[in-house]
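Here it is, the structure in full.
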Amino acid sequence: GVQTCALPIFHHIDIAQYLKTFKPTNIEEIHSKESDEIPPERSLKGQRVLKTILFADFAEFTNLTEEQSPLFVENCLKPIAEYLKSSGSCVNYINTWGDALFVVIDDVVKGATLALGLRDKVNEIPFKEKGLPAEMGLRIALHRGPVFPIQDPIKGELNYYGSHIFKAARIDRKSTRLNSSHSSVS
């Protein structure tokens, strides 16, 4: 299986340099077996592709009052959306529900850069001044692994599926909110 490494991402860590030096023993094997090309047919029998998966969610989101929901959308989701739009074409897919964010990216270094930018953007938000819990913060998880690009029959658009998506989704639940956003990389 793919080896995992947990890493808190603080301001003093050069995550891009770390990712260049961290190479699980089997990543080359996985990469040689997987194509980075999306197959022409988007069926359930599609081929896996190697992608970087980012999941993020907000600590304290479930403690928001009904009245704080519009404040959260305006002051948290809107700046994140603006940042993601400005990040260019490195993003293959974005989905969100509630406070959760699911992003699929081609390149692991671009994914790490995107994660650090999200962290910095969220750390700029004065939660208490905006009427939100001061303890709010973004938990971010990154994972690289083979996934299936498949046409989602419900949404009618390309989506990504497979066990590595589930693994990445679980990593952010293990992250803890510290003074700055905490992230895990696998």
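Along the sequence shown, residues are numbered consecutively beginning with 1.
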- Mind checking the CG-OG1 spacing from Leu101 to Thr96? Nearest 0.5 Å is all I need.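 If we round to the nearest 0.5 Å, Leu101:CG and Thr96:OG1 are 5.5 Å apart.
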- For the pair Glu82 and Lys85, find out whether any cationic side-chain nitrogen is under 4.0 Å from an anionic carboxylate oxygen.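 Here Glu82 does not pair with Lys85 in a salt bridge, since their nearest N and O are not under 4.0 Å apart.
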- Message: Within the structure provided, determine whether Pro133 and Leu64 are in side-chain contact (heavy-atom separation under 4.5 Å).
- Response: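 Heavy-atom side-chain distance check passes, below 4.5 Å.
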- Query: Considering only heavy atoms from C-beta outward, does the side chain of Tyr161 approach that of Asp152 to under 4.5 Å?
  - Reply: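 Yes; the side chains approach each other to less than 4.5 Å.
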- Task: Working to the nearest 0.5 Å, report the span between CD of Glu124 and CZ of Arg119.
- Result: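 With rounding to 0.5 Å, CD (Glu124) is 11.0 Å from CZ (Arg119).
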- Item | Asn95 and Lys155, any side-chain heavy atoms less than 4.5 Å apart |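 When only atoms from C-beta onward are counted, Asn95 and Lys155 do touch, with a gap below 4.5 Å.
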- Short side-chain to backbone donor-acceptor contact, Asn92 and Asp106, under 3.5 Å: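 Side chain of Asn92 to backbone of Asp106, a donor-acceptor pair under 3.5 Å: yes, one is there.
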- Beyond-backbone contact of Asn159 with Phe102, side-chain heavy atoms, under 4.5 angstrom: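 Yes, their side chains come closer than 4.5 Å.
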- Assign the ring pair Trp97 / Phe55 to parallel, tilted or perpendicular, where the plane angle (0 to 90°) is split at 30° and 60°.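 Rings of Trp97 and Phe55: perpendicular, as their planes differ by over 60°.
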- Answer whether the closest heavy-atom distance between the side chains of Val103 and Leu118 falls below 4.5 Å.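 In short, these two side chains do not touch, never coming nearer than 4.5 Å.
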- Query: Would you say the side chain of Phe58 lies within less than 4.5 Å of the side chain of Ile80, judging by non-hydrogen atoms?
  - Reply: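 Of all side-chain heavy-atom pairs linking Phe58 with Ile80, at least one is under 4.5 Å.
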- Counting only N and O atoms by type, is there a donor-acceptor contact under 3.5 Å from the side chain of Gln151 to the main-chain atoms of Gly156?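 Side chain of Gln151 to backbone of Gly156, a donor-acceptor pair under 3.5 Å: yes, one is there.
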- CG of Asp120 to OH of Tyr83: how many Å apart, nearest 0.5 Å?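 Output value for this atom pair is 8.0 Å.
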- Kindly compute the distance separating CG (Asp99) from CZ (Phe72), expressed to the nearest 0.5 Å.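 If we round to the nearest 0.5 Å, Asp99:CG and Phe72:CZ are 5.0 Å apart.
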